[in-house]
Amino acid sequence: MTADAHSTRAVIAMLVAVAAFSLMDAGLKTLAGQYPPFQVAALRGAASLPLVLAWALATVGARSLLRVRWSLHLLRGVLGVAMMASFVYALRTLPLSTAYSIFFIAPLLITALSVPLLRERVGPRRWTAIGIGLAGVLVVLRPTGQGVLTLAGLAVLLAALAYAVSAITVRLLARTDSTESMMVWAMTMIALGAGALALPDWVPIRAADGWIILSIGVAGALGQYAITEAFRVGQASLIAPIEYTALLWGVILDATLWGVLPDSVTWLGAGIIVASGLYLLRRERIHAEAEHP
């Protein structure tokens, strides 16, 4: 397969991944109004686990799933529970587009955290991009006005931080563990961990919500597979910016399902965050090319 064919395949896979995760998030938002956050997080993990497990067993086998670095998988499981529960909590009141706008700070946090956790070097231009991105988050939150600096807005920030730290653990795990094992144990620990925390306030699942839970499981598993395939065959600098198309999906789903649209200030803040993220990706590509000519 040619380089162009690989690039096209990666782009298509990433577009599918973003669409699948956006549809999954719409399902999570629907359930968030009926069930506690930890329960919704547990249902998300449990619904995707059978599909992810079947795929992993068919591709790498059981041995690859058991010979792993358990301490990092446990840490990633804790982070996954925190991320899912926080994001679901936020979706109870925030539109998808607003939640996505705030969550887009995650790539900037990954770069910032790579300094103390991975001992990577980040130059002044990339620190500037991170600072501008944080300013964009403040625009979306509007802490001095009638904005979304509420528990919901802060919950999205917590989810983004948990996601960023989890992404750092993935970089470490990728040196020794398979992608399939990371996916299987992430879903397992989210299902079990969030499920245990949800037990005291567990709400009986309505039969009418069964198809939503099933759809979340299928969309989540498809998104996981597609994003794995995208990063497997494509360059990160090419496909990572496609993640920002989630904002378009958020706007479409908000308008279609809930009849809401982001206001001008949210658009402005989202624009600042996306622009800083794209600039950061460009600087990281230049930095990588300089280190590996």
Side-chain angles (χ1 to χ4, degrees), residues 7 10-11 13-14 17-18 21 72 75-76 78-80 82-84 86-87 90 98-141 153-177 179 182 186 223-224 227-228 230-232 234-247 250 268-293:
S7 297
V11 169
M14 195 64 182
V18 172
F21 282 135
L72 284 178
L75 172 61
R76 190 162 175 255
V78 172
L79 293 168
M83 180 191 71
M84 286 301 307
S86 299
F87 195 70
T98 303
Y100 284 164
S101 297
I102 302 170
F103 196 83
F104 283 157
I105 197 64
L108 304 176
L109 294 177
I110 292 172
T111 300
L113 290 172
S114 68
V115 176
L117 298 181
L118 297 178
R119 305 301 181 187
E120 295 183 358
R121 182 181 178 278
V122 174
R125 293 185 180 181
R126 286 191 285 174
W127 280 119
T128 300
I130 292 170
I132 293 174
L134 291 173
V137 170
L138 290 178
V139 172
V140 177
L141 294 177
L154 295 176
V156 180
L157 285 178
L158 176 60
L161 178 60
Y163 175 85
V165 178
S166 179
I168 298 293
T169 66
V170 168
R171 291 188 186 181
L172 297 173
L173 282 169
R175 300 171 183 172
T176 56
D177 297 6
T179 299
M182 287 188 275
Q224 290 282 1
I227 198 170
T228 301
F231 279 101
R232 186 181 71 84
Q235 294 180 344
S237 59
L238 171 67
I239 58 180
I242 298 174
E243 291 190 53
Y244 292 118
T245 60
L247 183 58
L268 175 62
I272 294 172
I273 298 168
V274 171
S276 60
L278 292 175
Y279 177 78
L280 185 66
L281 286 169
R282 179 176 177 273
R283 292 302 308 174
E284 289 184 343
R285 182 177 63 182
I286 293 173
H287 180 70
E289 291 174 350
E291 288 191 336
H292 306 285

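Residues Phe87 and Tyr100 share a closest heavy-atom pair of CZ-CE2, 4.0 Å. Taking all atoms of both residues into account, the shortest heavy-atom contact from Gly277 to Leu108 is CA-CD2, 3.9 Å. Pairing each heavy atom of Leu158 with each of Ser86, the nearest pair is CD2-OG, 3.2 Å. For the residue pair Met182 and Asp177, the shortest heavy atom distance occurs at CE-O, 4.1 Å.
Using bins of under 30°, 30° to 60° and over 60° for the plane-to-plane angle, the ring pair Tyr244/Phe104 lands in the perpendicular bin.
No side-chain heavy atom of Arg121 sits under 4.5 Å from any side-chain heavy atom of Val115. No side-chain heavy atom of Leu117 sits under 4.5 Å from any side-chain heavy atom of Leu172. Residues Ile102 and Leu141 meet the side-chain proximity criterion, which asks for heavy atoms closer than 4.5 Å.
In this structure, Ile168 CD1 and Leu113 CG are separated by 6.0 Å, a value rounded to the nearest 0.5 Å. A distance of 11.0 Å separates CD1 in Ile105 from CD1 in Ile110, rounded to the nearest 0.5 Å. Considering CG of Leu280 and OG1 of Thr111, their distance stands at 4.0 Å, rounded to 0.5 Å. Here Ile227 contributes atom CD1 and Thr179 contributes atom OG1; the two are 11.5 Å apart, rounded to the nearest 0.5 Å. Atom OG of Ser101 and atom CD1 of Ile272 lie 11.0 Å apart (nearest 0.5 Å).
No donor-acceptor pair closer than 3.5 Å links the side chain of Arg76 to the backbone N or O of Thr169. Side-chain atoms of Ser166 never come within 3.5 Å of backbone atoms of Ala162 as a donor-acceptor pair (strictly under, hydrogens ignored). In this structure, Ser276 contributes its side chain and Ile273 its backbone to a donor-acceptor pair below 3.5 Å.
Residues Tyr163 and Phe103 bring their aromatic ring centres within 6.0 Å.
Each ring pair (Phe, Tyr, Trp, His ring centres under 6.0 Å) pair with one or both residues in residues 110-140, not counting sequence neighbours, would appear here, but there are none.
Of the candidates Val78, Leu109, Val170, Leu79, Leu79 is the only one forming a side-chain contact (heavy atoms from CB on, under 4.5 Å) with Val165.
With sequence neighbours excluded, the residues satisfying salt bridge (charged side-chain N to carboxylate O under 4.0 Å, His left out) with Arg171 are Glu120.
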